[in-house]
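Structure record follows, encoded as structure tokens.
Whatever order the structure lists ligands and atoms in, that order sets their numbers, starting from 1. Index from 1, following the sequence.
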Amino acid sequence: MSAVRYELIKKCKQTGARLGRVHTPHGYFDTPAFMPVGTQATVKGMSPDELKAIDAQIILSNTYHLYMRPGHEIVKEAGGLHGFMNWDRPILTDSGGFQVFSLSDLRDIKEEGVTFKSHIDGSKHFFTPEMAIEVQNALGADIIMAFDECIPYPADFNYAKNSLERTTRWAKRCKDAHKNTDRQALFGIVQGGMYKELREQSAYELLELDFPGYAIGGLSVGEPAELMYEMLECTVPLLPEDKPRYLMGVGSPDYLIEGAIRGIDMFDCVLPTRIGRNGTVLTSRGRVIIRDAAYARDYSPLDPECDCYCCRNFTRAYIRHLIKAGEVLGIRLTTWHNLRFLLKLMEDVRKAIMEDRLGDFRNEFFSKFGYK
Ligand SMILES: CNc1nc2c(CCc3ccc(C(F)(F)F)cc3)c3[nH]c(N)nc(=O)c3cc2[nH]1
Ligand SMILES: [Zn+2]
């Protein structure tokens with residue numbers, strides 16, 4: 001009995017999108033879903049109550065960061081991530097593969113695992129697929145990810161092939177090491193760079209291991225949008241229709257809509273929180289750089305069409321002042337709004353799927369936002 005069950009509710013007649021629900025031991029979340037990123041057991045600047053106020057149904061956290069600090073044993077003693085951060089809804093943790101390869105100055109990748117230096121104190125560490133599972137079992141997230149190698153872009157064919165085959169062997173080791181299959185669902189991660197035949201090979205190899213859900217990794221690593229969409233179009237059709245599909249590290253509003261159209265159910269990205277902290281906000285009419293002098297006397301909300309606490313109570317002039325003054329409330333409000341913007345966008349996407357008009361919704365949203 002797996003910890004996660006995907007409920008397919010409706011397939012859009014106009015596109016490849018589908019409306020669904022992922023049921024987990026901590027409740028369900030509606031898909032297509034945007035999942036706020038909470039790297040160090042907090043979605044930066046947001047309390048659990050505030051996340052519930054914007055209707056976040058699932059949040060992400062990270063094996064690598066929590067292993068480094070405070071250590072997975074402490075989180076386990078605190079009752080796992082749910083107890084530690086007092087979040088009683090679903091949580092997904094990434095395996096640390098991506099973070100090790102991107103954050104620390106990676107030393108060495110071997111069959112057994114990877115050697116790297118901590119980005120905090122430079123200490124040397126050795127991480128294996130078995131450790132990634134041990135840590136995620138201790139953190140207790142409802143959905144955990146296999147330990148994989150997210151290869152850089154561009155990468156040559158042979159490197160991509162050897163890497164995906166090792167990632168499959170690592171996925172098998174993760175599956176064998178995973179203890180709590182009834183409470184934590186382990187997802188496999190499809191790799192293969194930007195090569196269609198390698199994407200297919202990776203998908204087939206992982207399908208044989210029969211995971212309760214599948215992620216598409218190795219994308220949103222600097223490749224052009226068209227290439228990402230091509231990789232989705234050759235990978236998604238190979239994945240089971242009755243299981244969730246998670247596109248890792250994506251993304252901005254256009255990628256969320258285009259990914260949903262191609263059958264993706266789950267998305268994450270640091271964009272809303274990261275750009276929020278440097279004073280850029282997403283609105284229905286495109287991005288607004290709130291620090292800009294143009295907004296000094298603008299007494300309208302960040303987005304007149306937004307229903308969030310920030311847009312109902314504060315003006316652009318006030319938020320610009322807070323950001324310029326380095327006031328904490330400033331980045332809390334821009335984060336709050338950006339997260340709500342993407343969560344609301346996904347609500348609108350789900351409604352459009354229900355009404356068989358996601359293609360039309362895409363065109364309307366793109367022209368208003370200012371995409372081509
Ligand atoms: C930004 N582009 C991107 N992000 C990618 C990520 C990270 C996703 C992630 C998950 C959780 C968090 C947390 F902070 F909330 F914890 C932060 C980020 C990948 N992760 C793995 N395992 N394989 C991949 O192949 C992969 C490809 C990725 N492209
Ligand atoms: Zn708002």
Side-chain angles (χ1 to χ4, degrees), residues 35-44 53-54 58-68 81 85 91-103 127 129 132 135-136 139 141 143-153 155 160 163-164 167 170-171 174 187-193 199 202 214-223 228 231 246-252 255 266-274 276 281-284 288 290 300-316 319 333-345:
M35 307 182 288
V37 158
T39 311
Q40 303 187 106
T42 162
V43 176
K44 291 181 173 29
I54 59 174
I58 174 172
I59 60 171
L60 267 55
S61 201
N62 200 286
T63 301
Y64 168 78
H65 292 84
L66 295 167
Y67 165 76
M68 285 295 173
L81 266 174
M85 64 186 294
I91 297 176
L92 181 153
T93 44
D94 194 5
S95 53
F98 182 80
Q99 290 73 27
V100 162
F101 299 126
S102 60
L103 263 183
F127 218 55
V135 173
Q136 290 183 94
L139 299 177
I143 299 173
I144 65 177
M145 305 308 292
F147 189 70
D148 62 328
E149 181 185 5
C150 171
I151 65 171
Y153 170 75
S163 172
L164 87 84
T167 284
W170 283 355
C174 287
F187 281 19
I189 305 178
V190 178
Q191 294 291 345
R199 284 280 164 183
S202 177
Y214 295 87
I216 298 177
L219 294 177
S220 186
V221 287
E223 76 282 7
M228 177 198 281
M231 291 305 109
Y246 166 21
L247 176 53
M248 305 192 84
V250 171
S252 50
Y255 285 148
M266 297 159 65
F267 302 88
D268 80 80
C269 99
V270 293
L271 181 99
T273 38
R274 184 167 294 170
V281 295
L282 300 167
T283 79
S284 39
V288 165
I290 201 63
S300 67
L302 290 180
D303 183 348
E305 296 179 29
C306 180
D307 60 1
C308 87
Y309 167 74
C310 172
C311 292
R312 281 187 279 108
N313 290 284
F314 306 103
T315 66
R316 289 173 170 186
I319 294 164
L333 292 175
T334 53
T335 298
W336 187 311
H337 165 76
N338 281 346
L339 286 173
R340 178 60 199 155
F341 181 86
L342 290 183
L343 290 163
K344 177 69 170 55
L345 172 59

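By the 4.5 Å heavy-atom criterion applied to side chains, K44 and V37 are not counted as neighbours. For the pair V221/C150, a side-chain contact is recorded, criterion being any heavy-atom separation below 4.5 Å from C-beta on. No side-chain heavy atom of F267 sits less than 4.5 Å from a side-chain heavy atom of M35. In this structure the side chain of T63 never reaches within 4.5 angstrom of the side chain of M145, judged on heavy atoms.
With a heavy-atom cut-off of 4.0 Å, H65 does not touch ligand 1 at all. Contacts between T93 and ligand 1, counted as non-hydrogen atom pairs separated by less than 4.0 Å, are absent for every part of the residue. Counting heavy atoms closer than 4.0 Å to ligand 1, residue M145 contributes nothing at all. Proximity of S220 to ligand 1, defined as any heavy-atom pair under 4.0 Å, is shared by backbone and side chain alike. The proximity of C269 to ligand 1, defined as any non-hydrogen pair under 4.0 Å, does not occur for either the backbone or the side chain.
Residue G217 approaches ligand 1 through these ligand atoms, each under 4.0 Å from one of its heavy atoms: 24 (C), 25 (O). Close contacts between ligand 1 and D268 involve ligand atoms 8 (C), 9 (C), 18 (C) [criterion: under 4.0 Å to a heavy atom]. Residue-ligand proximity, L60 to ligand 1, at heavy-atom distances under 4.0 Å covers atoms 10 (C), 11 (C), 15 (F). Applying the 4.0 Å criterion to heavy atoms of S95 picks out, from ligand 1, the atoms 22 (N). In summary, the atoms of ligand 1 found under 4.0 Å from a heavy atom of N62, numbered by their order in the structure, are 12 (C), 13 (C), 16 (F). Shown in contact with I189 at under 4.0 Å from a heavy atom are these atoms of ligand 1, numbered in order with element: 22 (N).
The option with the heavy atom closest to atom 3 (C) of ligand 1, from among A141, P36, G249, G38, is G249. Considering L92, L271, D94 only, the shortest heavy-atom separation from atom 8 (C) of ligand 1 involves D94.
Judged purely by distance below 3.5 Å, without hydrogens or angles, the side chains of Q136 and T93 pair a donor atom with an acceptor atom. Residues S163 and E149 bring a donor and an acceptor atom of their side chains to less than 3.5 Å of each other. Side-chain polar atoms of N62 and Q99 form a donor-acceptor pair below 3.5 angstrom. Checking D94 against Y64 by side-chain atom types alone, no donor-acceptor pair falls below 3.5 Å. In this structure, a donor-acceptor pair under 3.5 Å is present between the side chains of D303 and S284.
If you look at Y309 and F314, their ring centroids are closer than 6.0 Å.
Taking 4.0 Å as the cut-off, E149 does not count as a neighbour of ligand 1 on heavy-atom distance. At least one heavy atom of S61 lies less than 4.0 angstrom from ligand 1.
Take the Zn ion (ligand 2) as the corner point: the lines to SG of C308 and to SG of C311 open at 110°, to the nearest 10 degrees.
Between T39 and ligand 1, a contact under 3.5 Å exists for no N or O pair. By the 3.5 Å distance cut-off applied to N or O atoms, G218 is counted among the residues near ligand 1.
Looking only at protein heavy atoms, the nearest one to atom 29 (N) of ligand 1 is L219 O, 2.8 Å. Annotation: atom 18 (C) of ligand 1 to nearest protein heavy atom, Q99 NE2, 3.8 Å. Given atom 23 (N) of ligand 1, the protein heavy atom at minimum distance is D148 OD2, 2.7 Å. In this structure, atom 13 (C) of ligand 1 lies nearest to the protein heavy atom V37 CG1, 3.7 Å. Scanning all protein heavy atoms for the shortest distance to atom 28 (C) of ligand 1 gives F98 CE1, 3.5 Å.
Restricting H337 to its N, O or S atoms, the one at the least distance from the Zn ion (ligand 2) is ND1.
A distance of 10.0 Å separates CZ of F341 from SG of C311, quoted to the nearest 0.5 Å. How far OG of S202 is from OH of Y214: 11.0 Å, rounded to the nearest 0.5 Å.
The side chain to side chain contact (heavy atoms under 4.5 Å, CB included) test with L66 is passed by exactly one of V135, T39, L81: L81.
Using a 30° and 60° split on the angle between ring planes, F101 and F147 fall in the tilted class, from 30° to 60°.
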